[in-house]
Amino acid sequence: MFKNKFWLSLILAIPVVAFSPMFTMLFGYMPPEFPGSTWIAPILGTVIFVYGGAPFLKGGVTELRSRQPGMMLLIAMAISVAFIASWVTTLRIGEFDLDFWWELALLVVIMLLGHWMEMRALGSAAGALDALAALLPDEADKVTDTGVETVPVSSLAAGDVVLVRSGARVPADGQIIDGVADFDEAMITGESRTVSRTIGETVVAGTVATDNAVRVQVTAVGSDTTLAGIQRLVAEAQASSSRAQALADRAAALLFYFALGAGILTFIAWMVLGSPDDAVIRTVTVLVIACPHALGLAIPLVIAISTERAAKAGVLIKNRIALERMRTIDVVLFDKTGTLTEGRHAVTAATTVTGVDEAELLALAGAAEADSEHPVARAIVTAAQTNPNAVGLGYTGTGFSSMTGRGVSATVHGQDVAVGGPNMLKELGLGTPADIAGTVQEWVGRGASVLHVIRDGEVIGAVRLEDKVREESRAAVKALQARGVKVAMITGDARQVADVVGKELGIDEVFADVLPQDKDSKVTELQSRGLKVAMVGDGVNDAPALARAEVGIAIGAGTDVAMESAGVVLAGNDPRSVLAMIDLSRASYRKMIQNLIWATGYNILAVPLAAGVLAFAGILLSPAAGAVLMSVSTIVVALNAQLLRRIDLDPERISTTA
C-alpha cells in the first residue's frame with residue numbers, strides 16, 4: 001500500500017512542486033503558463049492530500065480518539081493545516097500568502113517513503129528466508145528396498161531415508177545415518193565456513209553437502225522444519241511492539257503539544273502586537289513546519305535495518321525490546337551443556353601402556369564399539385574414524401556383546417577386546433596399570449568419564465570422554481570480557497566438572513549442581529547484585545531462566561528453541577552470535593539518539609524563528625526556508641540510518657575485536 005501510494009504521489013508531486021509559486025519564487029524561475037496552469041498545484045495537491053495522506057489522516061483520528069497523540073496526529077495536523085491554508089490562498093480569501101501546496105506534497109511523499117522503507121526493511125528478513133526456502137529442491141532421492149527412487153519432496157515423511165549427493169541440498173531436516181560430509185549452513189547460521197557432519201548428527205533442510213554423499217533419515221518435513229520455524233520467528237519479530245518506537249511516538253506527542261502550544265502563543269502574541277495578518281501567517285507556518293519529516297524516519301528505519309541485519313547474521317529477534325536492552329547487559333549467563341559445550345560425549349584424550357600407540361588403542365576400541373548405539377560408543381567410534389592412523393589399521397569387530405552398566409566386548413583382529421568402566425575392571429579382577437594410573441586419576445579428579453580398553457585380559461590403555469567445549473566458546477568469552485561484559489556459566493553438572501570448563505574458558509563465575517527448576521533463582525541472584533542479565537540456553541529446560549533475565553536468548557536451530565520465554569533465537573549453535581547482538585544493539589542505540597537529535601533539533605530551532613521571536617532583529621524564517629531545512633534534516637536522518645548496514649556481524653571477525 002505504501003509503495004503504491006508513494007509512487008503515485010511522487011509522480012503527482014513533481015508538477016505540484018514545479019508550478020508552486022513559493023517554489024518558483026525560491027529558485028527564481030517562471031513556470032510555463034497556459035489556460036488552467038494556476039490550478040495544477042491545487043488540484044493535484046488535493047489528490048495527494050486525499051489519496052496519499054489517507055493513512056496519516058486515519059491514524060491521526062485514531063490517536064485523537066484514544067487521546068494518545070503521536071506521529072500520525074502530528075503528520076495529520078501539518079498536512080491538514082497546509083491543505084486548508086493553501087486553499088485559502090488559492091481562492092484569495094483574505095490577503096494571506098500561505099501557498100503550501102509544494103510543502104504538502106513533499107511532506108506526504110516523504111512520509112510515505114519512510115513507511116514504505118520501514119515495511120520493506122522489515123519484510124526483507126522474511127523475504128530473504130523465503131528466497132532461501134525457494135532454493136529447497138523439488139525432488140529428493142529416497143532410499144528404498146529396491147534402490148534409490150526420485151520422489152517429490154512433498155511426499156517425504158518422518159522416518160524416510162534420503163540420499164544427499166555431493167553438491168546437493170538436504171530436502172528435509174534429518175539425522176545422518178551413513179557417511180561424513182562438510183555442509184554449507186550459511187543460509188541458516190549466517191556463517192560462511194562449512195561444518196563437518198557425521199553419523200548421528202542432524203542436518204537442516206536447505207543446507208548443502210559440499211564434498212561427499214550421505215544418507216539422511218528424515219526427522220521433520222514441511223512446517224516442522226527448522227527453516228519453517230525460523231520464518232515464523234521472523235514474522236513474530238515483525239509484529240512485535242518496540243520500546244524504541246514508543247520513544248519516537250513519545251517524541252512525536254511532545255512535538256504535537258509543542259507545536260500546538262507554540263501556534264497558540266504565536267497567534268496571541270501577534271494579535272496583541274496588532275497584526276492579525278501576521279498572526280495567521282506565522283501561526284500556520286509554525287503548525288506546518290513543526291511536523292519533522294525526519295522523525296517519521298528516525299526510529300523506524302534504525303529498527304527495521306537492525307532487524308534485517310540481525311536476521312541475515314542468524315540472529316532472529318522475536319521481540320525487538322530484547323535488541324534494545326542488549327546494550328545495557330552487564331553479565332551474560334551461559335548454560336553449559338549444548339551452549340558452551342557441544343552437548344554430547346567426545347573423546348578428548350587417550351593414554352596407553354608401553355608398547356601400544358594411540359592409533360591402535362582407538363582402532364581396537366572403535367571396532368569393539370561399532371555395533372553399539374550408546375552415545376559413548378558413538379563418541380569412541382567417531383574418534384577412531386577421525387584418526388587417520390587408526391583408520392589405516394582397518395580393524396573390524398565380530399561377536400559383539402553388550403554388558404549393561406559395565407561395557408562391551410567383541411573379537412577384533414583375532415583378539416578379545418573389551419571396553420568398559422570401573423565395574424568391568426572389578427568384574428574381571430583387573431586394575432589400572434601403574435604407567436597410566438596417574439593420568440587416569442587426574443581425569444577422574446576433573447570429573448571426566450574414563451573407559452579402559454582391555455585386550456586378551458590385559459588393560460592396554462584408557463580414553464577420556466567429556467562434553468567437549470566448543471572452540472567458538474573460547475573466543476566468545478574473551479570478546480565479551482573485552483567489551484566490559486562479565487561471563488557466567490550455569491550447569492547441573494558436579495562442581496569439579498563445571499570448574500574444569502570454567503577454568504578452560506576463563507569464565508568469571510560458575511554456578512554448578514543447579515537443577516533446571518532452580519536456574520531462574522541464579523538469574524535473580526545476579527539481578528539482586530544490580531546486574532542486568534542476558535541468559536543464553538538451549539531453550540528446552542531453561543524457560544524460567546530465559547523469561548527471568550532481561551534478555552533471554554535460545555541457542556541452536558530447531559523448533560524446540562522457538563519458545564515464548566526467549567526474546568531472541570540464534571539460528572545456529574555459535575555462542576559468538578551473542579556478540580553480534582551486543583554490537584548491533586549498541587550501534588542501533590547510537591543511531592536512534594543521533595536521529596532523534598537531528599529530527600527534533602530542527603524543530604527547536606525552526607519553530608521559534610517561524611513564530612517570529614527574532615522579528616524585531618529582522619530575522620524571520622519564511623515557510624519556504626523552513627521547508628528546505630526540514631528536507632535537509634530528513635535526508636541526514638535517512639543516510640545516517642543506512643550506515644547501520646556497514647556494521648560487521650560475522651561471528652569470527654567480531655570475536656577478535658573489542
Side-chain angles (χ1 to χ4, degrees), residues 1-18 43-63 70-76 78-79 82-83 101-134 231 234-242 244-245 248-249 252 291-312 317 320 595 599 630-631 633-645:
M1 178 192 72
F2 285 113
K3 175 185 175 181
N4 294 336
K5 286 183 179 292
F6 164 74
W7 283 115
L8 182 55
S9 297
L10 177 62
I11 292 171
L12 296 176
I14 293 174
V16 170
V17 171
I43 292 175
L44 296 183
T46 299
V47 174
I48 292 173
F49 174 76
V50 174
Y51 173 73
F56 310 112
L57 295 171
K58 293 177 182 177
V61 171
T62 300
E63 291 180 354
M71 180 61 67
M72 289 298 186
L73 185 56
L74 189 59
I75 298 172
I79 63 176
F83 177 74
W101 289 120
W102 81 289
E103 170 60 11
L104 166 66
L106 288 184
L107 180 57
V108 171
V109 167
I110 289 175
M111 288 302 175
L112 287 173
L113 175 62
H115 282 72
W116 173 32
M117 289 178 70
E118 179 184 4
M119 295 301 106
R120 186 178 65 175
L122 285 174
S124 64
L129 291 168
D130 288 338
L132 290 170
Q231 290 171 314
V234 173
E236 290 177 21
Q238 293 174 351
S240 70
S241 61
S242 170
Q245 182 58 52
D249 290 336
C291 174
H293 302 53
L295 194 59
L297 297 174
I299 301 300
L301 262 183
V302 171
I303 293 172
I305 294 172
S306 298
T307 303
E308 174 193 353
R309 292 287 291 114
K312 289 183 177 180
I317 302 169
R320 296 178 195 167
N595 282 356
M630 190 186 305
S631 299
S633 177
T634 303
I635 293 170
V636 170
V637 163
L639 292 178
N640 190 43
Q642 294 297 327
L643 292 177
L644 272 176
R645 299 188 184 278

key: Nearest non-hydrogen partners of Val16 and Leu12, listed with the distance   = CG2-O, 3.2 Å

Pairwise side-chain contact, Gln642 with Ile305, heavy-atom cut-off 4.5 Å (strictly under) = yes

query = Quick one: CG on Leu57 to OG1 on Thr62, what's the gap to the nearest 0.5 Å?
reply = 11.0 Å

message = Could you measure the distance from the CD1 atom of Ile79 to the CG atom of Leu104? Nearest 0.5 Å is fine.
response = 6.5 Å

remark   = Note: Ala641 and Val302 closest approach over all heavy atoms is CB-CG2, 4.1 Å

query = Taking only residues two or more places apart in sequence or in another chain, which ones pass side-chain hydrogen bond (donor to acceptor under 3.5 Å, both in side chains) with Ser9?
reply = none

task = Determine the interplanar angle of the Phe83 and Phe49 rings, folded into 0 to 90°, and report it as parallel if under 30°, tilted if 30 to 60°, perpendicular if over 60°.
result = parallel

request  = Give a yes or no on whether the backbone of Leu112 and the side-chain of Lys5 come within a donor-acceptor separation of less than 3.5 Å.
outcome  = no

note = So CD1 of Ile11 and CD1 of Ile48: to nearest 0.5 Å the spacing works out to 10.5 Å

inquiry  = Please find the pair of heavy atoms, one from Arg645 and one from Arg309, that lie closest to each other, and give the distance.
reply    = O-NE, 3.6 Å

request  = Could you tell me the separation between the CG atom of Leu10 and the CG atom of Leu106, rounded to the nearest 0.5 Å?
outcome  = 9.0 Å

query = Just wondering, do Tyr51 and Val108 contact through their side chains at under 4.5 Å, heavy atoms?
reply = no

remark   = Output for pair (Leu44 CG, Trp101 CH2), nearest 0.5 Å, gives 10.0 Å

Least distance between heavy atoms, Val109 atom then Ala13 atom = CG2-CB, 3.9 Å

